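All remarks here apply to the structure that follows.
Since the structure is predicted, the reported quantities are computational estimates derived from the model, not experimental observations. Proteins get letters first, then strands, A, B, ... in listed order; numbering begins at 1 in each.
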Protein chains: 2
Amino acid sequence: MKYNKDTSEKILNAASSVFEEKGYSGARMQEIADKASINKALLHYYYKSKDKLFELILKRAIQIVFPKINDILKADIDFFERIERFTTAYIDMVRKNPHIPGFVIHEINSNPKRLIKLIALTGFNLNQFKETIKAEVEKGTIIDISPDQLIMNIISLCILPFIARPIAVNVLLNGDEDYFEKLMEERKTEVSKFIINAIKK
Amino acid sequence: MKYNKDTSEKILNAASSVFEEKGYSGARMQEIADKASINKALLHYYYKSKDKLFELILKRAIQIVFPKINDILKADIDFFERIERFTTAYIDMVRKNPHIPGFVIHEINSNPKRLIKLIALTGFNLNQFKETIKAEVEKGTIIDISPDQLIMNIISLCILPFIARPIAVNVLLNGDEDYFEKLMEERKTEVSKFIINAIKK
DNA sequence: GTCTATAAGGTGATAGAC
DNA sequence: GTCTATCACCTTATAGAC
């Protein structure tokens, strides 16, 4: 068994784009092969089956989304600044990988157990951030809010517009894609301002 | 051509649950037939093709989600109360139909043009609410915020936790489904408090 | 209206030549 | 390593009996 690294990477990139766009069941091995400029047989030679290939892509996607978040949330800096940095970095990351959140969320429903395993592998953990929030509440620097609710709020504000992009663009913004991009750039600061307004005492 | 109304409804219900759970490409006509306790041939007798059946289900889903929103946003009541009523009603609606938002968002990516058409048919329109926000900003009752950003924030806070439920439950809440339900019940008031805190002057 | 049986075409996967 | 050809299976859809 010998592999060409260039070919195997072309395949991974092609598979990412197809799986992220169409989902597992909508994806076709033929389309992945076409996009990688090879044929189906070679695809199976490199990555045994559609399942194996998909699991690899999902793993990669999770590795992109989760570890970065983790680092920022654990950073030893002022709470409000941490929120600012988090929203900025997160929105930046999602803008660079706009299909990943929707892909992960959709596919995860079909196999939640696999999800838990894959996310656990990234070392992702929100407990420390929850504790920080609790401490800030007790210090009286922020209003009395459940850490779980606050975390859900932060994540929601960062990713939903990207997941629902076609709806946002067409229903809210009269089809103006450029304006959507501008709004998302603004969101990098708008979201943290919004959150801090909501919780600061 | 004669149809039995009971049978046609059984089919629609079965199709809703299968399409919403598996998506278009993951859904199988056989599974829909099984769930409706009929056979595939009869399925095609009632609803010509998988495509036609799917379009009907998507249309129904959109009819559930959008018109209700519209009514509340246009109601002639105090701005802050309107936000309260909206979040409560919206979260209630999503709790009753938890699979619809994810379903709509996912399927919409494969055919945004169909989306525009279907949503337009519901008479859904955010322009009036945008104007209201602008007016509130000018009156000075709320901070200077872009109506588009505020609307995205409101919607994001209401629906993302439901779309990402498995992630929320397993990563944030240690797998506690009951606690998730409790949090969602709380959110009916928490979300509007959060929003109003963020924007009230 | 509802069924069984089957057609027609697509999809993932493999065998085997180069 | 990469290809062509092909298999075995699955899925949508229809024909035709009752």
- Item | Parallel, tilted or perpendicular, as decided by the 30° and 60° cut-offs, for the rings of A:His106 and B:His106 | parallel
- Let me know the distance between NZ of A:Lys52 and P of C:dT14, rounded to the nearest Å. 12 Å
- Take the protein atom CG of A:Leu43 and the nucleotide atom P of C:dT14, then report the distance between them rounded to whole Å. 12 Å
- NZ/NE/NH1/NH2 to OD/OE distance under 4.0 Å, B:Glu131 and B:Lys134: yes
- Task: Summarise how protein sits on nucleotides 7-18 of chain D as a single string, 5' to 3': B when a protein heavy atom is under 4.0 Å from the base, S for sugar-phosphate-only contact, - for no contact.
- Result: ----SBBBB---
- Task: Scan B:Asn39 against the nucleic acid and name what it touches under 4.0 Å (heavy atoms): base, sugar-phosphate only, or nothing.
- Result: base
- Task: List the atom of B:Glu107, the atom of B:Gly23, and the distance in Å for their closest heavy-atom pair.
- Result: OE2-CA, 3.0 Å
- Go through the side-chain N and O atoms of A:Tyr46 and A:Asn4 and say whether any donor and acceptor fall under 3.5 Å apart. no
- Query: Is there a donor-acceptor contact under 3.5 Å from the side chain of B:Arg85 to the main chain of B:Ile72?
  - Reply: no
